[in-house]
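Okay, structure first, notes after.
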Amino acid sequence: MKMGKKISKCPECGSKKLYWDRSRGEVICKACGFVIEERLIDFSQEWREFDSEQGESRRRVGSPLTFTKHDKGLSTKIGKAGDLTKMTPSERRMYYRMRKWQTRISTPIERNLKFALAELKRIASFLDVPKIAEEDAAMIYRMAAEKGLVRGRSMESVVAGALYAACRRHGVPRTLDEISHAFPLDKKEIGKTYRFICRELRIRILPTSPQDYVQRFASELKLKPKTVSKAVEIIKKANKLEITSGKGPMGIAAAALYVAALLSGEKKTQRDVADVAGVTEVTIRNRYKELLEKLKLEDQIKKIREK
DNA sequence: AAGACGAAAGTGGTTGA
DNA sequence: TCAACAACTTTCGTCTT
């Protein structure tokens, strides 16, 4: 397949931090949210076969290894019924024995994984989680299951916790709210198990940055790219002035978007922004006030108001 | 009438003794 | 284990457009 020239820089802002969202097939600039290319196809290698010998050696046999199947995609099933009639009695006895062992070999953990991963798959596609993060979530769940951390907790909550952790690790955070809506679970529960698995599995997760959320919130609000980059700009400045530490990243992202929208004449109400960001208007107001003060934006806002 | 603003009281989680 | 604490929420009244 023919590839276009390789992109390494964002044409909009020049940043090199690009993020390939596989689930959407888009390359997005992490700094300003600019969508650089859409409808990308899998770049991974594909061989062509010229004769049968090459076919043997090059063909990628079976599906790739994956953590999202309970046996990592390597399932081999021992055949049953149908062909039994053609067997000699001794062969038949052997097959029965093998089948018996196969079912025995699947430990309680394996069986549990099967259900959990099915659930994970369902939720991940519902929430549009990129494949990499889904894989990671599956791996985390597997590790948790093997350590016996699921005991005493509902399977769903551990799946949710793993998914939440994986999303954060990959810089594509979903809010606790979103995840809790996809499961019949409440936020508290998920947060709790999330922290628990992180502690037990020694998973280090950096606090999320508001920038990670800006992109998603903005697209839900249908804001123009220019406004989005303005919001990112604002967050960067706020970071420098150290008014972002200790504050909820979602609140900051929301406030930055609100300000950016005001400044570029795409006015959104606090209510609108608050809803998609999952925070209250009050929080936006508080952050907004800080932003105006510290970034000296009052004059600009006033000008807009007068128009 | 809707949106923005702010005060007051409440919530859940972290921290430090 | 408990209390202090910061961030955030909920609620509600007031002001502005």
Side-chain angles (χ1 to χ4, degrees), chain A residues 149 152-154 156-158 160-165 167-169 173-181 183-214 216-218 220-223 227 230-231 234-235 237-307:
Chain A
L149 304 180
R153 254 163 277 273
S154 75
E156 285 95 348
S157 72
V158 181
L163 185 61
Y164 181 63
C167 284
R168 287 183 62 162
R169 270 224 286 219
R174 305 289 112 134
T175 61
L176 271 182
D177 269 316
E178 291 169 294
I179 296 187
S180 67
H181 280 119
F183 290 92
L185 291 171
D186 66 19
K187 263 192 348 195
K188 248 168 56 185
E189 179 91 17
I190 299 175
K192 239 188 198 161
T193 37
Y194 157 71
R195 277 191 304 278
F196 179 76
I197 358 190
C198 286
R199 191 158 13 98
E200 293 300 315
L201 297 179
R202 304 282 145 95
I203 298 174
R204 287 222 160 267
I205 288 181
L206 303 167
T208 51
S209 140
Q211 287 181 48
D212 295 331
Y213 291 105
V214 167
R216 241 160 17 87
F217 293 166
E220 256 181 84
L221 288 167
K222 302 197 171 62
L223 291 170
T227 314
K230 192 156 239 159
I234 291 170
I235 291 173
K237 279 189 199 158
N239 262 327
K240 279 214 186 94
L241 294 166
E242 292 176 339
I243 52 174
T244 52
S245 65
K247 312 281 170 55
M250 277 144 47
I252 296 171
L257 278 170
Y258 176 67
V259 176
L262 268 183
L263 290 178
S264 51
E266 268 194 277
K267 188 151 160 97
K268 298 280 174 223
T269 65
Q270 294 181 348
R271 173 87 271 142
D272 291 337
V273 184
D275 280 344
V276 304
V279 296
T280 58
E281 295 157 276
V282 183
T283 304
I284 291 186
R285 281 202 286 275
N286 293 335
R287 293 293 91 75
Y288 164 74
K289 223 167 53 184
E290 287 168 13
L291 286 177
L292 292 196
E293 266 172 39
K294 302 284 162 95
L295 299 183
K296 311 210 168 79
L297 288 169
E298 286 110 327
D299 301 342
Q300 289 184 51
I301 297 279
K302 260 184 210 157
K303 269 183 210 160
I304 303 263
R305 285 260 157 80
E306 281 158 19
K307 276 179 193 170

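Keep in mind that the numbers below use all heavy atoms, side chains included, and drop hydrogens, waters and symmetry copies. The chains referred to below are lettered A, B, ... by the order of the sequence lines, with proteins before strands, and numbering in each begins at 1.
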**Q.** Partner nucleotide of C/dA6 by Watson-Crick or wobble geometry (both distances under 3.5 Å)
**A.** none
Q. In whole Å, what is the span from the CD atom of A/E281 to the P atom of C/dT10?
A. 10 Å
Q. Within this structure, what is the CZ-to-P distance between A/R271 and B/dA1, rounded to whole angstrom?
A. 19 Å
Q. Could you give the CG-to-C1' distance, from A/L262 to B/dC5, as a whole number of Å?
A. 14 Å
**Q.** Sugar-phosphate only, base, or nothing, as touched by A/T280 at under 4.0 Å among non-hydrogen atoms
**A.** base
Q | Separation of atom CD in A/Q270 from atom P in C/dT10, rounded to whole Å | A | 15 Å
Q) Taking OP1 and OP2 of B/dA4, is either one under 4.0 Å from a side-chain nitrogen or oxygen of A/Y288? A) no
**Q.** A/N239 side, atom CG; A/I252 side, atom CD1 - distance, nearest 0.5 Å
**A.** 7.5 Å
Q.
Taking side-chain hydrogen bond (donor to acceptor under 3.5 Å, both in side chains) as the definition, give me every residue that meets it alongside A/D177, ordered by chain and number, with sequence neighbours left out.
A. none
**Q.** Test: A/K247 and A/E290 ion pair at under 4.0 Å
**A.** yes
Q: Please list, chain by chain and in numerical order, all residues satisfying side-chain contact (heavy atoms from CB on, under 4.5 Å) with A/A253, sequence neighbours excluded.
A: A/P210, A/Y213, A/V214, A/F217
Q: Rounded to the nearest angstrom, tell me the gap between atom CG in A/D275 and atom P in B/dA2.
A: 15 Å
**Q.** For atom NZ of A/K267 and atom P of B/dG3, their distance in whole Å
**A.** 10 Å
Q) For A/A254 and A/A277, which heavy atoms make the closest approach, and how far apart are they? A) CB-CB, 3.6 Å
Q. Which heavy atom of A/Y288 sits nearest a heavy atom of A/A255, and at what distance?
A. N-CB, 3.9 Å
Pairs under 3.5 Å (N/O, protein and nucleotides 6-13 of chain B):
{"from": "B/dG6", "atom 1": "N7", "to": "A/R285", "atom 2": "NE", "distance (Å)": "3.4"}
{"from": "B/dG6", "atom 1": "N7", "to": "A/R285", "atom 2": "NH2", "distance (Å)": "3.1"}
{"from": "B/dG6", "atom 1": "O6", "to": "A/R285", "atom 2": "NH2", "distance (Å)": "3.1"}

